[in-house]
Structures are given as C-alpha cells and as structure tokens.
Amino acid sequence: MKTEYAVEFYFGVRPVKTFNLYVTAIFLSLAVNLLSHYTKADKKNLWAIIDEIGKKYKIKLINTLILAVPELLSGRINREIDKAIDEYNSMVELDEPQPPVFTETPEGKTPLGGEMRLRSPWNKK
C-alpha cells in the first residue's frame, strides 16, 4: 500500500497567486489615484509610502507588486541607495571639497604670457 501526503514544499518565498496580485494592484492604484487627486500629493511619494509599509510589515503581495512593476522597483532602488549614502555620510566625516588651484605667470617667453599651472590641493605629490 502506497501512502500519499498532501504537502506542498516551496523553495524560497512562497508564490503569490496571480489573481490576488492583480486585485491588490487594482485597489492600490485606485487608492493612489484618488488620494493624489483629492490631496494633490505626488503619486511617487504615495507609492513610496505603500512600499515602506510593505517592507516594514513583510506584506508579500505589496513586495511582489513593487518587484513586478519597473517604475516602482526603480523608485525602491533609488530610495535604498539614497538611504545607504546618507548612512555612510553620517558614519564617515568627509572634508569639504576644495577647488583646484590655478596659477599663472602674466609675463613670459611666449606672446600669451608665462607658465600656467593647475594643481589639486588633495594631491600632495
């Protein structure tokens, strides 16, 4: 006698049903459009708020939706990179950038004048 078990095993993240993803996308885009229309808020900022809520509370539907739409994914990547740069700048003290030093001798051997030099103050050599 052969025993069968009704167990489904998924490697990695459990897949989201396509129907649920489409319904969520329709309702979220409707909500974003209504809020944007009545409050004059920027749609990108509203989608950013939805994305942050999805990441914080680990809502698979929202995360899958963000990853499926290139514009929303691009916004997430830009926010993550900006956050990483700000975090790095807060940990590291950076010196103010110094402009290059330009020196010129007004009179010289040539009709245009003497020697001209451009050196960088950050390069000690």
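Residue numbers start at 1 and run along the sequence shown. Only this structure's heavy atoms are used, side chains among them; waters, hydrogens and symmetry mates stay out.
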Please check if the side chain of Ser36 supplies one atom and the backbone of Asp42 the other of a donor-acceptor pair under 3.5 Å. no

ILVMFWY cluster, [X] and [Y] together (side-chain gap under 4.5 Å):
X: Leu46; Y: Tyr57; value: yes
X: Ile53; Y: Trp47; value: yes
X: Leu65; Y: Leu67; value: no

Give, for atom [atom1] of [X] and atom [atom2] of [Y], the distance between the pair rounded to the nearest 0.5 Å.
X: Asp51; Y: Arg76; atom1: CG; atom2: CZ; answer: 4.0 Å
X: Glu52; Y: Ile62; atom1: CD; atom2: CD1; answer: 11.5 Å
X: Ile81; Y: Asp86; atom1: CD1; atom2: CG; answer: 12.0 Å
X: Thr64; Y: Leu21; atom1: OG1; atom2: CG; answer: 6.5 Å
X: Asn78; Y: Leu73; atom1: CG; atom2: CG; answer: 9.5 Å

What residues form a side-chain hydrogen bond (donor to acceptor under 3.5 Å, both in side chains) with Arg119, not counting sequence neighbours? none

Lys55 NZ: over 12 foreign heavy atoms closer than 6.0 Å: yes

On a heavy-atom basis, the closest approach of Arg117 and Glu115 is NE-OE1, 2.7 Å

Throw together a table of side-chain donor-acceptor distances under 3.5 angstrom for residues 23-35, partners on residues two or more places apart or in other chains.
residue : atom : partner : partner atom : Å
Thr24   : OG1  : Asn20   : O            : 2.7
Ser29   : OG   : Ala25   : O            : 2.9
Ser29   : OG   : Ile26   : O            : 3.0
Asn33   : OD1  : Lys43   : NZ           : 3.0
Asn33   : ND2  : Ser29   : O            : 3.2

